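Here the structure is a predicted model, which means the values were calculated and not measured. Throughout, protein chains are lettered first and strands after them, A, B, ... in sequence-line order, and every chain is numbered starting at 1.
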Protein chains: 2
Amino acid sequence: MSGYPPSEAARRSGFSLDTLRYYEKIGLLSGIGRTSAGRRVFTDEDLSWLVLFRCLRDTGMPIAEMRRYAELSRAGDHTTGERRELLVRHAERVEEQTRLLQRQYDHLREKINFYDRLG
Amino acid sequence: MSGYPPSEAARRSGFSLDTLRYYEKIGLLSGIGRTSAGRRVFTDEDLSWLVLFRCLRDTGMPIAEMRRYAELSRAGDHTTGERRELLVRHAERVEEQTRLLQRQYDHLREKINFYDRLG
DNA sequence: GCTTGACCTGGAGCGCACTCCAGGTTGGAG
DNA sequence: CTCCAACCTGGAGTGCGCTCCAGGTCAAGC
């Protein structure tokens, strides 16, 4: 299994180095490997976690909830039901958020149309 | 032209009383009327500003930019072009944001599907 | 006339998610 | 061997957008 330096993990995930360190500090990332000199080594699995976190953050999930999800995963296979539930509830919120965004976007376009008609 | 107390403005706009006061304090709202005793009186025009602010906030516009828009409006009719530009640029950002949200929502659904297939 | 609740002010505090900093170590290029 | 860029740590600081608070005023109902 190949390993990547922090810079590469940052580049691939879109998180800053500081954010990666922060995520480890608060226990969102855990078990990140180290070289003998103490430098982080990210595995492909770590990167796929980061991809998931990117998805959840971009859709507005609070960090506390992402951490909850990560903890459930660490707890083992018996938590898959709860993990699924968490994601489903989040997806519902995202749907609601999308509807609101669309509705307000339409208002915005109307407002722009108003200016267009002015000249 | 009818006037409404703060509680009514809050109810109709979805902003809290504190937020309404805050918006006036930072100059986003201006020229809000007062009774002789110093209580705010919101007009229909004030309410339509609040509806616009609601739209812009829900679509992620920073307050500083909303204030810029409000200032342009106060400056007079010669700023309609700039106001339109501001809204158009914002609409473009909203479109981008919507695409990202949709993309990540799809990822989320895939992840949920994965759990569904587990059991 | 008294109470209650909606309102007022200025200013402090909060929650979130980073972001930055000082001061130090390390590993590879030249 | 030297230098530089990338990395490390703990902890402080930032930006945003509110939110809360103390202490006070005022109007309406009982």
Rounded interatomic separation in angstrom, taking [atom1] from [X] and [atom2] from [N]:
| X | N | atom1 | atom2 | result |
| --- | --- | --- | --- | --- |
| A:Lys25 | D:dC8 | NZ | P | 12 Å |
| B:Leu20 | D:dC20 | CG | P | 14 Å |
| B:Arg39 | C:dA6 | CZ | P | 10 Å |
| B:Arg11 | C:dA6 | CZ | C1' | 16 Å |
| B:Leu56 | D:dC16 | CG | P | 17 Å |
| A:Glu24 | D:dC7 | CD | P | 14 Å |
| B:Ile26 | D:dG17 | CD1 | P | 8 Å |
| B:Leu29 | D:dC18 | CG | C1' | 14 Å |

[N] phosphate, OP1 or OP2, under 4.0 Å from [X] side-chain N/O:
| X | N | answer |
| --- | --- | --- |
| B:Thr19 | D:dG17 | no |
| A:Arg40 | D:dT9 | yes |
| B:Arg34 | C:dT9 | yes |
| B:Ser7 | C:dC7 | yes |
| A:Arg21 | D:dG10 | no |
| A:Arg57 | C:dA17 | yes |

State whether [X] and [Y] are salt-bridged, where the test is any N-O pair (Lys NZ or Arg NE/NH1/NH2 against Asp/Glu carboxylate O) under 4.0 Å.
| X | Y | result |
| --- | --- | --- |
| B:Arg68 | B:Glu65 | no |
| A:Arg11 | A:Glu8 | yes |
| A:Arg109 | A:Asp106 | no |

Residue met sooner reading DNA chain D from 5', once B:Ala37 and B:Met61 are mapped to nucleotides: B:Met61
Step-by-step side-chain hydrogen bond (donor to acceptor under 3.5 Å, both in side chains) determination, A:Thr79 to A:Arg83: CA-CA 6 Å; A:Thr79 65; A:Arg83 276 182 262 163; 3.0 Å; yes
Residue mapping more 5' on DNA chain C - nearest nucleotide basis, B:Leu17 or A:Tyr22: B:Leu17
Sugar-phosphate, base or nothing in reach of B:Tyr23, heavy atoms under 4.0 Å: sugar-phosphate
Donor-acceptor pair present, B:Asp18 side chain and D:dC18 base, under 3.5 Å: no
Joint cluster assignment, A:Leu52 & A:Ile26, ILVMFWY side-chain distance < 4.5 Å: yes
